[in-house]
Amino acid sequence: MIELEGLTKRYGEKVAVNNLSFTVRPGIVTGFLGPNGAGKSTTMRMILGLDHPTAGDVRIDGKHYQQLKDPLTYIGALLEAKAWHGGRSAYNHLLCLAQSNGIPKQRVGEVLETVGLTAVAKKKTKGFSMGMGQRLGIAAALLGDPRILMFDEPVNGLDPEGIHWIRTLMKSLAAQGRTVFVSSHLMSEMALTADHLVVIGQGRLLADTSMADFIDRNSRSYVRVRTPQRERLLDVLHQAGIVVVESGDGVLEVDGGKAEQIGELAAQHRITLHELSPQQASLEEAFMRLTAESVEYHAHSETSAEPPPQQWGDGWGRG
Ligand code: ADP
Ligand code: MG
C-alpha cells in the first residue's frame, strides 16, 4: 500500500505537485493518469524518497522509503530515466543491485528469464534498444520480489509486442496480490490496463475512481444533428423534453441514443435534417475534458476563458 497525504512539491515558483492525497491499494493495477507535466514523475520520485516533499507525507506500508530495510524487497520501480551503467552487462547490473540489497544471487537469472533477456544477459547494455532497456529496468524492479511495484510510463517507445507484454505482466503482478502503480499520459493505455484510476492535472487531484465507474460516467452517447432549421428543431426538441447541447458550426448534440425519435419529430414538423448520426464519446475525450478544466482554472485567473457550451434541459454531465 502507498499512502499520500497532502503531498506537495514546489520548484521555485512552480508547484509541480499540489496537495495530493490518495491511497494505492494491493491486488489491483492503479493507473496514474495526467498530461505531460502534470506531476506524475515528481510524485513517483517523492514516493521513492528521491525528491523531498515541500509539504505533506508519503508512506509505503506505513513507513517512509528511507526507513525500509532492503527497500528493493518492499518496492520495485521503473522510473523514466535509464538508471544503469552502459558499460556493464545486464547480468552484472542486476547482480550489483542484488548484492547491495540482500537479495539472493539466483534471483538475477530468474528476473532475466521473466523479462526475456536471458539470451543477451552478458552483453553490454550500451547497445540495448529502448525496449530492451525497459525490460532491464523492469527486471531490476522485480529483483527483490517486492509486494509493491511502480512503473513510470513503461510503454513509452515500445513496439506493440512489448506493450502487450508489459500490460500482461502488470495484470499478473496485481493478480498475485501485489500493489501495482503505473503512470501514463494516455487514457487509451489506462483503459486497457488499470482497475483503478487516479487522474491529476497541474499537480492537482482531478479524479480517484474505479475504472468501471469512470467508463460508466464518461462514455456519453449522443446524436449529432445538423439542420438548416435550427431554431425550429430546438423548439420542437425542447418541447419534447429532450436535452440539446450546441457544439459550434450549427451542430446540435442530442443526448441518449434517440436518433429514431429525433427523426420522427423532425418529420412530423416538416423540418429538414442534413445529418442525424449516433455518436459515442471516447474516454480520451472524457480525459481531455477533465484535464482541460484544470488548465482553464488557471486561464480564468489571467484572461477570460470561453463560456461553457450552451445547454438546454438539465444537461448531460452526470459527474
Ligand atoms: P509528468 O511526469 O506528469 O510529465 P513531471 O513530474 O515530470 O510531470 O513535471 C511536473 C512539473 O514540474 C513540470 O512543469 C516540470 O517542468 C516541473 N519539474 C519537474 N522536475 C523539475 C525540476 N527538477 N526542476 C524544476 N521543475 C521541475
Ligand atoms: Mg513523467
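Whatever order the structure lists ligands and atoms in, that order sets their numbers, starting from 1. These figures come from a predicted structure and were not determined experimentally.
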Who's the nearest protein heavy-atom neighbour of atom 12 (O) of ligand 1, and how far? A16 CB, 3.2 Å
Contact check, G34 vs ligand 1, heavy-atom distance below 4.0 Å: no
Tightest non-hydrogen contact, residues K69 and Y74, listed as O-CE1, 3.3 Å
Any donor-acceptor pair under 3.5 Å linking the side-chain atoms of S277 with those of E275? yes
Give me the nearest non-hydrogen protein atom to atom 9 (O) of ligand 1 as residue plus atom name, then the distance to 0.1 Å. T42 OG1, 3.8 Å
Could you tell me whether a side-chain N or O of T30 sits under 3.5 Å from a main-chain N or O of V24, the two making a donor and an acceptor? no
Over all atoms of both residues, closest heavy-atom pair of A77 and L48: CB-CD1, 3.5 Å
I want to know if ligand 1 touches N36 in the polar sense, i.e. an N/O pair below 3.5 angstrom. no
Considering non-hydrogen atoms only, spot the tightest contact between T73 and N101 and give its length. CG2-O, 4.4 Å
Worked verdict on F32 versus F22 for ring pair (Phe, Tyr, Trp, His ring centres under 6.0 Å): CA-CA 11 Å; F32 192 29; F22 61 87; 5.7 Å; yes
So, applying side-chain hydrogen bond (donor to acceptor under 3.5 Å, both in side chains) with H196, which one of D213, T23, D208, T209 is it? D208
Of G39, S183, G203, which has the heavy atom at the shortest distance from atom 8 (O) of ligand 1? G39
Where is the nearest protein heavy atom to atom 4 (O) of ligand 1: which residue, which atom, and how far? G37 N, 2.6 Å
Quick check on the hydrophobic clustering: are I28 and L33 connected, directly or via other members, by side-chain heavy-atom contacts under 4.5 Å? no
Could you see which bit of E153 sits under 4.0 Å from ligand 1, with heavy atoms only: side chain, backbone, both or neither? neither
Q229 atom CD: more than 12 heavy-atom contacts under 6.0 Å: yes
Return the closest protein heavy atom for atom 21 (C) of ligand 1 as residue, atom name and distance. Y11 CE1, 3.3 Å
Proximal protein heteroatoms (N, O or S) of the Mg ion (ligand 2), under 2.8 Å: S41 OG
What do you think, any protein heavy atom under 4.0 angstrom from atom 15 (C) of ligand 1? no
Salt-bridge criterion met for K40 and E153 (N-O under 4.0 Å): yes
Specify side chain, backbone, both or neither for R45, according to which of its non-hydrogen atoms lie closer than 4.0 Å to ligand 1. side chain
Using a 6.0 Å cut-off, check whether atom CZ of R167 has over 12 heavy atoms from anything other than its own residue. yes
Can you tell me the protein heavy atom closest to atom 7 (O) of ligand 1 and the distance? S41 CB, 3.8 Å
